[in-house]
Amino acid sequence: MRAVCQQWRLLATGFSFLVFGIGAFVLGLVLVTLVSPWPVAERRKNRWTRLAIRSFARLYIRMMWLLGLLTFTFRNSSGFRGRGELVVANHPSLLDAVFLLAVLPAPCCIVKGALARNPLTSAVIRLAGYIPNDGDGELLMSGAAKVIARGETLVIFPEGTRTQRPAELKLRRGAANIALAARCRIRPVIIQVCPPTLRKHEPWYQVPETRPCFTLEALDTIAVAEQVDAERSAGVQARQLTRHLQTVFQERLQVA
Amino acid sequence: MCVMIMSYSKEDIYQRIADVLVEQFEVAAGDVSLEAKLYEDLDIDSIDAVNLMIELKSFTVQKVGLNDFKEVSTIGDVVDAVYSVVQQESQSNQQ
């Protein structure tokens, strides 16, 4: 029976990947043709696009749940509804972004430079007002701080890529630098996938033996000023804050 | 003809970089050397690099651009990049 289940999930996973590819493409096409031409402010277009993306993410997760591919739980749901916060999450699987886009109201994201340059995705990314990470740190910082200052929530995976070994989770300092520049609160989100699936370097057809459960927990926000020594340089403060965040994630992930 | 221009030596620049790294980026003084790689050995990221260049502005009139920084890998490279701007500026001063 278990083998049959696994076979089914293999098939359904392949189908889901296909649906994601086609769905994202069609959604992009629809958004670009329907939203772009309206003579309204850029920010309104951003919002419409983000809401459409959220609906797509929700529908997609619902579909995978119906297919028996996964279950999911959100803990401390009110924590996902904050405004003007920097949401930082660990990144155990390929689906983390989809879950975050489904649960957060209409966040701004920082997206891989490659996606922002890809002709298939660049139009939607621009329409959604997402911030491309093109390697220019200064530009990224100022863009991110501006978005947070006007009350939007910004999501970032501070590891910069998917987690390889949760025990050795290593954060880069970009998230801390953004929070320091924007003077905003940080909202850590702990993502756990049990059993693990779709990790880095793990092909889609390697489905786990049992149906994985995704848990997203919003922790209480962190007041940046309490974690850094304001007398020290920006470089030292970013390191202090990053160390604090790293402990928060490591403690939570070890308890589990 | 002979105009004396106050100019910085490579040693001055190196010393300043070493000080900034230790004071502002938690680098251990023992790890600082001309060959030390900023990113791999000293954990300096692109934001730190921006801040480092701001600190080094006192050596030059014009800003040492970050384009110069992209080809930079070791402390020695930073010294050379800043020094070449210092040289250019002191030459154009003499003319």
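Just so it is clear: chains get the letters A, B, ... in the order the sequence lines come, proteins before strands, and each one is counted from 1.
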Is R54(A) atom CZ crowded by more than 12 heavy atoms from other residues, nucleotides or ligands, each under 6.0 Å away?
yes
Any heavy-atom pair between the side chains of L140(A) and I47(B) that's under 4.5 Å?
no
Sort by residue number and list every member of residues 226-245 of chain A having a non-hydrogen atom under 4.5 Å from chain B.
R232(A), S233(A), A234(A), G235(A), V236(A), R239(A), R243(A)
d(N51(B) CG, E138(A) CD) to nearest 0.5 Å is 8.5 Å
Check whether more than 12 heavy atoms from other residues, nucleotides or ligands sit under 6.0 Å from atom CZ of R165(A), and answer yes or no.
no
With a 6.0 Å cut-off (strictly less than), is the heavy-atom count around CZ of R172(A), excluding the residue itself, greater than 12?
no
K200(A) atom NZ: more than 12 heavy-atom contacts under 6.0 Å
yes
Quick one: CE on M141(A) to OG on S46(B), what's the gap to the nearest 0.5 Å?
7.0 Å
